[in-house]
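Everything numeric in this text was worked out from a predicted model, so none of it was measured.
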Number of protein chains: 2
Amino acid sequence: MKLTSEQQEIIERIGVFFERKGNQPILGRIMGLLLVLEKAEATFDEIQDYLSVSKSAVSNALTLLQTQNKVEYTTKPGERKRYFRLRVRSWRLDMQEDLEGIFRINVLLKDVLAARSSQNRDFNNCIFEFQSFIEFMRIEMPKLIEKYDQQNS
Amino acid sequence: MKLTSEQQEIIERIGVFFERKGNQPILGRIMGLLLVLEKAEATFDEIQDYLSVSKSAVSNALTLLQTQNKVEYTTKPGERKRYFRLRVRSWRLDMQEDLEGIFRINVLLKDVLAARSSQNRDFNNCIFEFQSFIEFMRIEMPKLIEKYDQQNS
DNA sequence: TTGTTAGTTCATAAAAAAGAGAACTAAAAG
DNA sequence: CTTTTAGTTCTCTTTTTTATGAACTAACAA
């Protein structure tokens with residue numbers, strides 16, 4: 001089975017997206033592949049074939065994706081192969097973590113302020129204001145998520 | 001002038017924070033340095049001294065930070081040196097961009113859905129739900145920011 | 001027991017990123 | 001002008017990342 005050029009293009013774009021988050025290229029492409037395949041799953045060697053990468057690269061990538069809870073596998077009775085697929089359910093948590101990651105500058109800025117004398121009031125204030133803004137967002141974000149869940153229940 | 005070990009430690013932590021966002025190590029350290037210095041500014045060679053890196057590394061890093069609008073410089077009458085400092089005011093916009101970056105998976109997932117047949121309904125639904133969640137966040141986030149600005153005006 | 005399949009591990013090659021240091025340039029100072 | 005200062009650019013080395021291919025292992029199959 002071959003991928004359409006539309007599928008290939010999406011895989012590359014998703015690859016780049018995850019690569020920019022600090023993952024190695026193959027990880028993103030595997031995610032893309034599993035998103036794009038109709039069955040939404042693939043065996044080890046299918047992944048190898050579709051993406052034309054080496055066994056070891058696939059093995060390492062899958063191990064990583066599994067420890068990151070992004071991928072899991074099932075087996076089928078009487079078959080030795082594993083069928084790998086995305087754990088889409090966990091993505092919302094992943095995204096919340098990503099957001100937390102952005103907001104984590106907050107902690108650093110608090111420490112910066114603690115380490116600074118009160119000498120340069122203007123600058124300190126500037127930092128403080130930004131830091132308050134993040135604190136606000138950090139507190140409101142969970143409320144927003146709650147709101148969403150109430151709307152959709 | 002020397003940095004205290006507390007200052008050095010904060011610089012490293014801020015360095016790592018920015019490095020993990022995909023910037024090269026020196027960029028983050030320069031940001032950290034400018035956050036930690038009482039004057040909140042430094043000349044080219046002060047940066048070199050404090051961080052003990054080469055001229056070229058400082059030059060490249062500063063150029064980059066300036067094109068990213070993270071740093072600017074002023075000059076003082078009768079002096080040829082430039083005084084580099086952070087553009088803290090723009091950080092809120094930067095952060096909004098970072099958030100947008102996270103939410104951009106949304107667009108990709110829409111394209112994924114468009115490229116998929118209706119064959120695998122379960123999976124499609126799963127993607128669609130996640131995608132709706134992001135769309136919700138993406139719409140609500142600006143409102144949240146507005147709310148903050150109203151509270152603090 | 002021997003073979004086969006499915007995947008892992010290890011040693012290394014290839015490519016990319018980060019940074020150093022010297023040569024260079026532009027502008028102001030003497 | 002010539003010199004000095006401040007910063008830039010270029011070349012090359014070091015380090016890190018990414019991926020390959022071959023050897024290896026575990027489990028089941030014949």
Inset, instruction - Report the C-alpha distance between A:Asp94 and A:Lys21 in whole Å, list the side-chain angles of each, state the deciding distance to 0.1 Å, and finish with yes or no for salt bridge (Lys or Arg N to Asp or Glu O under 4.0 Å). - result: CA-CA 12 Å; A:Asp94 292 354; A:Lys21 293 220 267 191; over 6 Å; no
Legend entry - Salt-bridge criterion met for A:Arg89 and A:Glu72 (N-O under 4.0 Å): no
Inset, instruction - Using a 4.0 Å cut-off on protein heavy atoms (strictly under), produce a 5'-to-3' string for nucleotides 22-30 of chain C with B for base contact, S for backbone-only sugar-phosphate contact, and - for none. - result: -----BBS-
Legend entry - Nearest-nucleotide pick for A:Ser59, side chain only, options being C:dG7, C:dT8, D:dT9: C:dT8
Inset, instruction - Look at the rings of A:Trp91 and B:Phe130 and say which category their plane angle falls in: under 30° parallel, 30 to 60° tilted, over 60° perpendicular. - result: perpendicular
Legend entry - Electrostatic pair B:Glu140-A:Lys143, nearest N-O below 4.0 angstrom: no
Inset, instruction - Could you identify which residues of residues 10-48 of chain A place a heavy atom less than 4.0 Å from some atom of DNA chain D, listed by residue number, or say none? - result: A:Gln24, A:Pro25, A:Ile26
Legend entry - Between C:dG7 (P) and A:Leu65 (CG): distance, integer Å: 15 Å
Inset, instruction - Check every strand shown and say whether A:Val53 touches a base, only sugar-phosphate, or nothing at a heavy-atom separation below 4.0 Å. - result: sugar-phosphate
Inset, instruction - Could you tell me the separation between the NZ atom of A:Lys81 and the P atom of C:dG7, rounded to a whole number of Å? - result: 8 Å
Inset, instruction - To the nearest 0.5 Å, tell me how far A:Leu37 CG sits from B:Arg116 CZ. - result: 8.0 Å
Inset, instruction - May I ask you to say what B:Ala57 touches in the nucleic acid, namely base, sugar-phosphate or nothing, with a heavy-atom cut-off under 4.0 Å? - result: sugar-phosphate
Inset, instruction - Round to a whole Å and report the spacing from CG of B:Leu62 to P of D:dA6. - result: 15 Å
Legend entry - Closest contact, heavy atoms only, B:Leu64 versus B:Gln24: CD1-OE1, 3.7 Å
Legend entry - Shortest non-hydrogen contact from A:Leu144 toward B:Met141: CD2-N, 4.5 Å
Inset, instruction - Determine, stepwise, if the pair B:Glu46 / B:Lys81 fulfils salt bridge (Lys or Arg N to Asp or Glu O under 4.0 Å). - result: CA-CA 11 Å; B:Glu46 279 171 347; B:Lys81 288 184 184 179; over 6 Å; no
Inset, instruction - Find the distance A:Asn60:CG to D:dT18:C1' and express it as a whole number of Å. - result: 10 Å
